Amino acid sequence: MSRILIIGSEGQLGSELSTFLKKKKNIDDIILSDIKDNSSSDLTYKKLNALNFKDLESLVEDYKIDDIYHLAAILSAKGEVEPMLTWDLNMNSLFNVLNLAKNKTIKKVFWPSSISVFGNNTPKINTNQFSIKEPNTVYGISKLSGERWCEYYNIKYGTDIRSVRFPGIISSNTLPGGGTTDYAVDIFYSFLKDEKYKCFLNQDTMLPMIYIDDAIESINKIMGVKKDSLNIKSSYNLAGFSMTPKMIEIKLKKIKENFIVEYNPDYRQEIADSWPDSIDDISSQNDWGWHAKYDLGKTINEMIRRLENINK
Ligand code: SER
């Protein structure tokens, strides 16, 4: 059994990944870390600034870590408010993990990339793995640069880094923060509170999304396959389903007909407009058997069921 470290364990992805791994592994083999003082989990937790190489190195040595899941990052919308901080955190925390993995006993690294690596000149429908990448957000630039470095370390140094390009993640455990796709989570909270939802994107903005269980399963799957089946050494396109705010509004109105959504696009509209409508993930299907299980309807049912349980 490998011992793992999650960096960014208190975030949207990290909180759900730790819950998933807890069911699968010996709890002593899961170490959580984040910049926050405390964790909401009962697993071993160490406060960590991922920009501090020495602290990260000590943590890895003290706990004899085998695999690192490096999930800490500033997302697209917040990244535009704090460009230099975003570049610094997203790139230098990745370099810390890559350099540790290169020189030490780390066996595998998982690092998420994003649909934000694409840009305005990318064909929008069924965007191909190798399509044009001209990101126009600091977040997207950091993810694309990160992908190139992951490939570089994989090939030059034989480090084992695995990655997927996540679409917007829809989840119920922890709210996302600072992303352009966050509306797809926020809307459920307004719906369940019987409040009007003010959407920051226009109603026809089509974006690729994925339900959290599929997102976690993709991490589990890509980390579980043999390294030599992974032909792509940077990051894999990953598809769930695609939707617009209007599509989710219509489905939610079928459940509660007086639910109201008001559309007031802000600066995030420009970011969303630069991203693909839908993703072609044939390389993931072929190389590591990826197939999403959740469509929009199934995602809505699960979100409502889980959020109602949390609020009981
Ligand atoms: N969900 C991310 C964001 O909106 C995209 O990867 O920033």
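Model, not experiment: these values are computed from the prediction. Whatever order the structure lists them in is the order used to number ligands and atoms, beginning at 1.
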Plane angle bin for F95 and W149 - parallel if under 30°, tilted between 30 and 60°, otherwise perpendicular: perpendicular
Geometric class of the Y211/Y294 ring pair [parallel <30°, tilted 30-60°, perpendicular >60°]: tilted
Non-hydrogen atoms of S274 and K124 that approach each other most closely: C-NZ, 3.7 Å
Residue pairs involving residues 221-233 (criterion side chain to side chain donor-acceptor pair (under 3.5 Å); sequence neighbours excluded):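 Every side chain to side chain donor-acceptor pair (under 3.5 Å) pair that includes a residue of residues 221-233, provided the two are not neighbours, is N231-D287.
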Linked, directly or transitively: I279 and M209 (ILVMFWY side chains, under 4.5 Å):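 Both belong to a single hydrophobic cluster.
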Output, or 'none' if empty, a list of ligand 1-protein atom pairs in which both atoms are N or O and the distance is under 3.5 Å, rounded to 0.1 Å.
residue: ligand 1; atom: 1 (N); partner: T181; partner atom: OG1; Å: 2.9
residue: ligand 1; atom: 4 (O); partner: S76; partner atom: OG; Å: 3.4
residue: ligand 1; atom: 4 (O); partner: T180; partner atom: N; Å: 2.6
residue: ligand 1; atom: 4 (O); partner: T181; partner atom: N; Å: 3.1
residue: ligand 1; atom: 4 (O); partner: T181; partner atom: OG1; Å: 3.3
residue: ligand 1; atom: 6 (O); partner: S114; partner atom: OG; Å: 2.7
residue: ligand 1; atom: 6 (O); partner: Y139; partner atom: OH; Å: 3.3
residue: ligand 1; atom: 7 (O); partner: S76; partner atom: N; Å: 3.1
residue: ligand 1; atom: 7 (O); partner: S76; partner atom: OG; Å: 2.6

Within 45° cone and under 6.0 Å: K256 NZ/CZ vs F191 ring: yes
